[in-house]
Chemist: 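Submitted below is the structure of interest, expressed as structure tokens.
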Number of protein chains: 2
Amino acid sequence: MNKPRRADAQQNRERILKIAREALAASPDASLNSIAKAAGVGPGTLYRHFPSREALVLALYRHEIQQLVGLAPALAAQHPPLTALRLWFERLAHYGRIKRGLAHVLHAAMNDGVLRETYGPMVGAIDLLLRACEASGSIRKGVNAEDVLLLMGFLWRIEPGREGEARAKRLLGLVMNGLQSES
Amino acid sequence: MNKPRRADAQQNRERILKIAREALAASPDASLNSIAKAAGVGPGTLYRHFPSREALVLALYRHEIQQLVGLAPALAAQHPPLTALRLWFERLAHYGRIKRGLAHVLHAAMNDGVLRETYGPMVGAIDLLLRACEASGSIRKGVNAEDVLLLMGFLWRIEPGREGEARAKRLLGLVMNGLQSES
DNA sequence: ACCTGAACACCGTTCAAGT
DNA sequence: ACCTGAACACCGTTCAAGT
């Protein structure tokens, strides 16, 4: 995973990530220069590690996305297929609501072959859950995992808070119903 | 609608809109300064007419949104409720795919009371179609129009072209199925 | 009343010079 | 190899001065 680097470079990289996480949580469009400054490095150094804003944000979310992806097989093993799918969506909703950047990152990943490293596993996780549902006859046949991820994009446009939570639940219900066999 | 203005101000406003339409179509994040320059006005003038980028983009889409809103009653009068709903969604998809900015604008409108002038009619149009479906028993009861608009947000994240068209159709099918009575 | 355009603080990005 | 930080072209925004 982590390519070997010179010790100082590795330290800089980690400090940039740490500061960036805090800065972007506080204000989602904090400037890269200001992050570099807060991390105590020159702008060129930040640029060397993360050639674009996207690359930086992606690096931040990579860990959490990996968690999410890893959850899919676990849920599939412990629950009936349709329940597993719903539970995984709810977890996705949780991430969606606290991390707004996710939408933009996933959308970018879709259009950039290099970033499939992140998008691919997400789609894989959904596909796993969908195919299980399909096998048990609890959803209609042939539903595309990429389509479903795109459809779920509403999640990161929902405001946080009580009302948002209720809204996410309602919409999730609509989507789940849509996946089921045609009436 | 149009407040009376001095003739030169009105002309400037219109030329800015015309140039902005072209510039933003060519490159969605053309700078405001460059638009002002292309329109032959000072940056202050552009700023006076449109105090933010959002305000400018919203003004551009207002006309097309009005068209869309006006279409709802017409469709409802000419088709069975469920068909009317689907046709309206397809029209929305068309706008979505050619005009990317729409997503951002509608999202902003949602959070900004002043802009409800645009968001409200959109929701109203959807509500009209939904209620007709509900009355005829072709969808489940109590579906929220704002929820549905949010759910349809995937439309402006779809790439243009043949494949995007097919994708929009598939996803629309999922949504329509989700709206129907619970199995 | 409206427009102009210089000016301000800041942005992303680059790259020669250092270690 | 990697970092620094000055520098570049440009950004959104403001506002005194003009008509």
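What you see is a predicted model, and the numbers here were worked out from it, not measured in a lab. Lettering of chains follows the sequences in order, A, B, ..., and the numbering in each one begins at 1.
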Chemist: With respect to the phosphate group of D:dC3, does any side-chain polar atom (N or O) of A:Asn12 fall under 4.0 Å of OP1 or OP2?
Modeler: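 Checking A:Asn12 against D:dC3: at least one side-chain N or O falls below 4.0 Å of OP1 or OP2.
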Chemist: Using a cut-off of less than 4.0 Å, is there contact between a side-chain N or O of B:His49 and OP1 or OP2 of C:dC3?
Modeler: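 Result: yes.
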Chemist: Give the rounded distance in Å between these two atoms: NZ of A:Lys37 and C1' of D:dT4.
Modeler: 14 Å
Chemist: Can you measure A:Arg13 atom CZ to D:dC3 atom P for me and round it to whole angstrom units?
Modeler: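 Value for this atom pair: 11 Å.
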Chemist: Side chains of A:Leu17 and A:Phe50: closer than 4.5 Å at any heavy-atom pair?
Modeler: yes
Chemist: Among A:Val148, A:Leu151, A:Asp127, which residue satisfies the side chain to side chain contact (heavy atoms under 4.5 Å, CB included) criterion with A:Val143?
Modeler: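 Only one option passes, and that is A:Val148.
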Chemist: Where do N or O atoms of nucleotides 16-19 of chain D meet protein N or O atoms at under 3.5 Å, pair by pair?
Modeler:
none

Chemist: For A:Ile35 and D:dG5, what is the distance between atoms CD1 and P respectively, to the nearest whole Å?
Modeler: 18 Å
Chemist: Run the salt-bridge test on B:Arg131 and B:Glu134 with the 4.0 Å N-O cut-off and return the result as yes or no.
Modeler: yes
Chemist: What does the list of N/O pairs under 3.5 Å between the protein and nucleotides 11-15 of chain C look like, with a distance for each?
Modeler:
residue	atom	partner	partner atom	Å
C:dC11	OP1	A:Ser31	OG	3.0
C:dG12	OP1	A:Leu32	N	3.2
C:dG12	OP2	A:Leu32	N	3.0
C:dG12	OP2	A:Asn33	N	3.3
C:dG12	N7	A:Asn33	ND2	2.9
C:dT13	OP2	A:Tyr47	OH	3.3
C:dT13	O5'	A:Tyr47	OH	2.9

Chemist: Can you tell which of A:Ile139, A:Leu82, A:Leu171 makes a side chain to side chain contact (heavy atoms under 4.5 Å, CB included) with A:Met176?
Modeler: A:Leu82
Chemist: CG of A:Leu87 to CG of A:Leu129: how many Å apart, nearest 0.5 Å?
Modeler: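 Taking CG in A:Leu87 and CG in A:Leu129, the distance rounds to 9.5 Å.
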Chemist: For DNA chain C, report each stem as range with range, ordered by first number, or say none. Use Watson-Crick or G-U wobble pairs under 3.5 Å, at least 3 in a row.
Modeler: C:4-8 with D:12-16, C:12-16 with D:4-8
Chemist: By side chain to side chain donor-acceptor pair (under 3.5 Å), which residues pair with A:Asp8, not counting sequence neighbours?
Modeler: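 Partners of A:Asp8 under the side chain to side chain donor-acceptor pair (under 3.5 Å) test: A:Arg6.
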Chemist: Show me the pairs that pass salt bridge (Lys or Arg N to Asp or Glu O under 4.0 Å) and involve residues 23-33 of chain A, at least two apart or across chains.
Modeler: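 Not a single pair qualifies under salt bridge (Lys or Arg N to Asp or Glu O under 4.0 Å).
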Chemist: Could A:Lys18 and A:Glu14 be called an ion pair, given the rule that one side-chain N must be under 4.0 Å from one carboxylate O?
Modeler: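 A:Glu14 and A:Lys18: not salt-bridged.
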Chemist: Side-chain polar contacts of residues 72-81 of chain A - donor-acceptor pairs under 3.5 angstrom, sequence neighbours left out - could you list them?
Modeler:
none

Chemist: Nearest 0.5 Å, please: how far is CG in A:Leu92 from CE in A:Met152?
Modeler: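 If I round to the nearest 0.5 Å, the distance is 5.5 Å.
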Chemist: Atom CG of B:Leu149 and atom CZ of A:Phe154: how far apart are they, to the nearest 0.5 Å?
Modeler: 13.0 Å
Chemist: Just the rounded figure in Å: distance from P of D:dC2 to CZ of A:Arg15.
Modeler: 16 Å
